[in-house]
Amino acid sequence: MRVQVSRSSYLVLVSSSAVFVTFRILQWRARSRARKTVERVKEMVEENQPLIVYWDLSVRERILKAAIRRASKWMSLNEDPKPMVGQVGGAAVHKRPVLTLNPDYVLKPLLADHRGIREIAFYESLKILSNNPTNQTYSTFLTGKQKEKSPLLKQAGEVFDTLALAFAISIQDPVVTESEKALKDAWKVVKKEVEALHRLSKFTAPYYGVIGQPGVSHAPECPFGVTDDAHLLLQDLTSNYSKPCVIDLKLGTQTFEPDAPPEKQERELGKYPEQAEFGFRIVGMRMYDPDHPDADEKGFRCFKKPYGRSLKSRDQILDALRTFLCAGVEKPVIASEDKRIAEDGVNNFLTESVRCKTIANLLVQLRQLRRWFEENKSLRFYASSLLLVYEGDTSKDNGSQDAATAKMIDFGRVRRELGGDQAYRVGLRMLNSCLGEILDQEEERLGKHR
Ligand SMILES: Nc1ncnc2c1ncn2[C@@H]1O[C@H](COP(=O)(O)OP(=O)(O)OP(=O)(O)O)[C@@H](O)[C@H]1O
Ligand SMILES: *[C@@H]1O[C@H](CO)[C@@H](O)[C@H](O)[C@H]1NC(C)=O
Ligand SMILES: *[C@@H]1O[C@H](CO)[C@@H](O)[C@H](O)[C@H]1NC(C)=O
Ligand SMILES: *[C@@H]1O[C@H](CO)[C@@H](O)[C@H](O)[C@H]1NC(C)=O
Ligand SMILES: CC(=O)N[C@H]1CO[C@H](CO)[C@@H](O)[C@@H]1O
């Protein structure tokens, strides 16, 4: 009798301790798996960091290869690209010019430093998300890890982990439950970024890949695999204009990233301190104004970097924007307008003398961009440009003379920052108010003379 009791209690003891050990193992596996997954997702979209971990060799190689493949799929350079006529910004002495290629491409030279690979990654992310804006696509883009077929042993491990997790969730293990919540939040951050990038692509120039370098370089002068010959292949935003008038605005209150060395910060601040107040600077502009004494042989007036830096007050900025927008049609002396009306007998000169529709067109596009910045608060763009283009040819009368384009370019310094880009919004607000003021004045002028 006594033997039997002790044997059954022995069995109970053994089996209960087996259950206990199994429980512990499952719990441990579930907890460590859950923690790791949260870590992995959080790392993917770490704050105050560039979009991709370009210092990771495999990440930058994968993205660069994808960009080269993208361009080579359908583009072979059987024609020599030519230096762009009418490039407005960039191309300081040490830089190479932007090139153009028929029918409507621009080739922007990439920098071999971190900015080159970061700009490629930015455009690649837009492209990848344009077809398929999901967490999965983006996480594969950022980490390179796909749900690949793993070896049998690993698969067994996965099945075990999945069971362990299911078990831990069913008994509401506190650590696993907590991790599940954290995981959901981490994916929400990813999803936000996916949506933001997905909606941003309509404000940027269409991108077709990287051209001019055959593969990833391992030369010491190419620390990130990008060579001196690499070019971004983009759509030429001026290609549909017969006399494109272009202004390049560098947006934001500062042009350096927060981790820039102090000397660089000081240097950048010294270039144009007013940018902190205005939220942008005029990098350059080029307008069609063939009758102007300063016009070049093609009929364009050009303003370069020093001009933008000389603008010290809001009024001067306003004048500069008016000069840009009213080029070739601005007739400041009312007397001459009256004379023209008298000669023609009709008042068609005045309708022609203002660009109200063009300015209104730009304002609509800028409003949409502003909305994006107000509603998508996860990215920040340092030293990025906004390109405004309008038709300078007033001889057409079928509507195309009112065409205008506003697109963002230059993405070498995009970062993830909670709160979004307050600094870019300062610039957009200022730009909006200036254009609005110019439009009001023009409409008033027009109204007075009707
Ligand atoms: N997609 C485009 N369509 C038309 N013109 C373009 C396009 N991209 C660039 N440009 C022209 O090239 C100029 C320089 O472009 P971008 O600002 O991208 O170059 P960058 O060398 O990085 O300039 P920066 O020195 O200001 O950083 C622009 O001002 C514009 O005139
Ligand atoms: C991405 O993550 C968010 C937040 O967890 C979720 O709501 C959404 O359904 C996920 N989308 C996809 C396609 O997985
Ligand atoms: C120019 O017009 C064509 C035809 O409408 C269009 O496909 C193309 O995208 C336009 N280019 C730009 C830069 O807007
Ligand atoms: C207007 O006419 C020009 C030629 O003068 C042509 O290139 C352009 O496509 C036309 N635009 C529209 C909107 O019809
Ligand atoms: C995630 C998010 O806030 N997305 C917003 C981005 O901006 C657009 C407007 O351009 C909104 O519609 C989205 O909801």
Side-chain angles (χ1 to χ4, degrees), residues 83-101 103-111 113 115-116 118-119 122-123 129 133 135 188-208 231-242 244-252 255-256 268 271-272 280-287 300 302-305 308 365-379 381-391 400 403-413 419-421:
M84 181 179 209
V85 176
Q87 177 184 342
V88 169
V93 191
H94 61 286
K95 288 189 190 165
R96 298 150 292 150
V98 173
L99 307 171
T100 56
L101 185 68
D104 66 345
Y105 300 113
V106 299
L107 280 69
K108 175 187 159 160
L110 283 160
L111 295 164
D113 68 13
R115 286 173 288 177
R118 286 171 72 181
E119 184 157 33
F122 177 80
Y123 276 113
L129 294 175
N135 300 345
K188 262 187 206 150
V189 176
V190 178
K191 187 71 189 167
K192 254 192 182 163
E193 197 161 304
V194 166
E195 272 180 17
L197 289 169
H198 179 56
R199 285 174 203 266
L200 189 64
S201 51
K202 73 168 179 176
F203 301 110
T204 66
Y207 156 83
Y208 307 106
H231 288 76
L232 274 183
L233 192 59
L234 300 170
Q235 187 180 51
D236 184 350
L237 299 171
T238 65
S239 64
N240 284 348
Y241 293 86
S242 108
C245 301
V246 181
I247 190 168
D248 182 323
L249 304 164
K250 196 160 273 191
L251 266 285
T255 52
F256 52 87
E268 286 294 319
K271 281 184 187 169
Y272 189 54
F280 68 82
R281 80 168 72 163
I282 296 177
V283 177
M285 56 192 205
R286 177 178 186 262
M287 306 88 81
F300 283 86
C302 300
F303 294 81
K304 302 222 177 302
K305 267 183 189 158
Q365 295 175 57
L366 291 176
R367 200 166 306 131
Q368 290 174 352
L369 185 58
R370 255 178 91 181
R371 228 190 108 204
W372 185 90
F373 273 95
E374 272 155 24
E375 295 181 15
N376 296 268
K377 293 184 179 161
S378 55
L379 300 174
F381 304 81
Y382 290 94
S384 176
S385 282
L386 184 62
L387 211 63
L388 307 184
V389 188
Y390 72 84
E391 181 57 82
S400 64
T405 303
K407 300 262 186 200
M408 295 170 74
I409 56 168
D410 213 356
F411 300 105
R413 298 181 182 278
D421 204 331

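Along the sequence shown, the residues carry numbers beginning at 1. Both counts, for ligands and for their atoms, begin at 1 and track the order of listing.
Atom 9 (C) of ligand 5 has its closest protein heavy atom at E375 OE1, 3.4 Å. Looking at atom 10 (O) of ligand 5, its nearest protein heavy atom turns out to be W372 CA, 3.7 Å. Regarding atom 13 (C) of ligand 5, its nearest protein heavy-atom neighbour is R199 NE, 3.6 Å. Closest to atom 4 (N) of ligand 5 among all protein heavy atoms lies N376 OD1, 2.8 Å.
Remark: ligand 1 atoms within the under-4.0 Å shell around heavy atoms of Q235 are 1 (N), 2 (C), 3 (N). Numbered from 1 in the order shown, with element, the atoms of ligand 1 that lie under 4.0 Å from a heavy atom of A205 read 1 (N). Close approach of ligand 5 to E195 (heavy-atom distance below 4.0 Å) involves ligand atoms 1 (C), 2 (C), 4 (N). Residue contact check: V98 has heavy atoms under 4.0 Å from atoms 12 (O) of ligand 1. For ligand 1, the atoms closer than 4.0 angstrom to any heavy atom of D248 are 17 (O), 28 (C), 29 (O).
Note that CE of M84 is 12.0 Å distant from NZ of K108, once rounded to the nearest 0.5 Å. Here T238 contributes atom OG1 and Q87 contributes atom CD; the two are 11.0 Å apart, rounded to the nearest 0.5 Å. For the atom pair Y208 OH and Y105 OH, the distance stands at 6.0 Å (nearest 0.5 Å). Here the CG-CD distance, from L369 to E374, works out to 10.0 Å after rounding to the nearest 0.5 Å.
A cation-pi contact links R286 to F300, judged by a cut-off of 6.0 Å to the six-membered ring centre and 45° from its axis.
If you look at D236 next to ligand 1, the close heavy atoms, those under 4.0 Å, come from the backbone and the side chain alike. Contacts between V106 and ligand 1 below 4.0 angstrom, taking non-hydrogen atoms only, involve the side chain exclusively.
Below 3.5 Å of separation, one finds no N or O of V283 facing any N or O of ligand 1. Considering backbone and side-chain atoms together, V88 places an N or O closer than 3.5 Å to an N or O of ligand 1.
Contact check for Y272 versus F280: no side-chain heavy atoms found under the 4.5 Å cut-off. The shortest side-chain heavy-atom distance between R281 and L251 does not fall under the 4.5 Å cut-off.
The aromatic rings of Y207 and Y123 lie parallel to each other, their planes meeting at an angle below 30°, with 60° marking the opposite boundary.
Side-chain contact annotation: E193 with S378, donor-acceptor N/O pair under 3.5 Å absent.
Compare M84, K108, K250 by their heavy atoms: the one nearest to atom 19 (O) of ligand 1 is in K108. In the candidate list G89, G412, G90, G90 is nearest to atom 23 (O) of ligand 1, counting heavy atoms.
Between L386 and the choices V283, L366, D248, the side-chain contact (heavy atoms from CB on, under 4.5 Å) rule is met once, by L366.
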Could you list, one pair per line, each nitrogen or oxygen of ligand 3 together with any protein nitrogen or oxygen closer than 3.5 Å, giving atom names and the distance rounded to 0.1 Å?
| residue | atom | partner | partner atom | Å |
| --- | --- | --- | --- | --- |
| ligand 3 | 2 (O) | N240 | OD1 | 3.4 |
| ligand 3 | 2 (O) | N240 | ND2 | 2.4 |
| ligand 3 | 9 (O) | Q235 | NE2 | 3.3 |
| ligand 3 | 11 (N) | N240 | ND2 | 2.9 |

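With sequence neighbours excluded, no residue forms a ring pair (Phe, Tyr, Trp, His ring centres under 6.0 Å) with Y382.
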Test E391 against N240 for side chain to side chain contact (heavy atoms under 4.5 Å, CB included), laying out the working first.
CA-CA 9 Å; E391 181 57 82; N240 284 348; over 6 Å; no
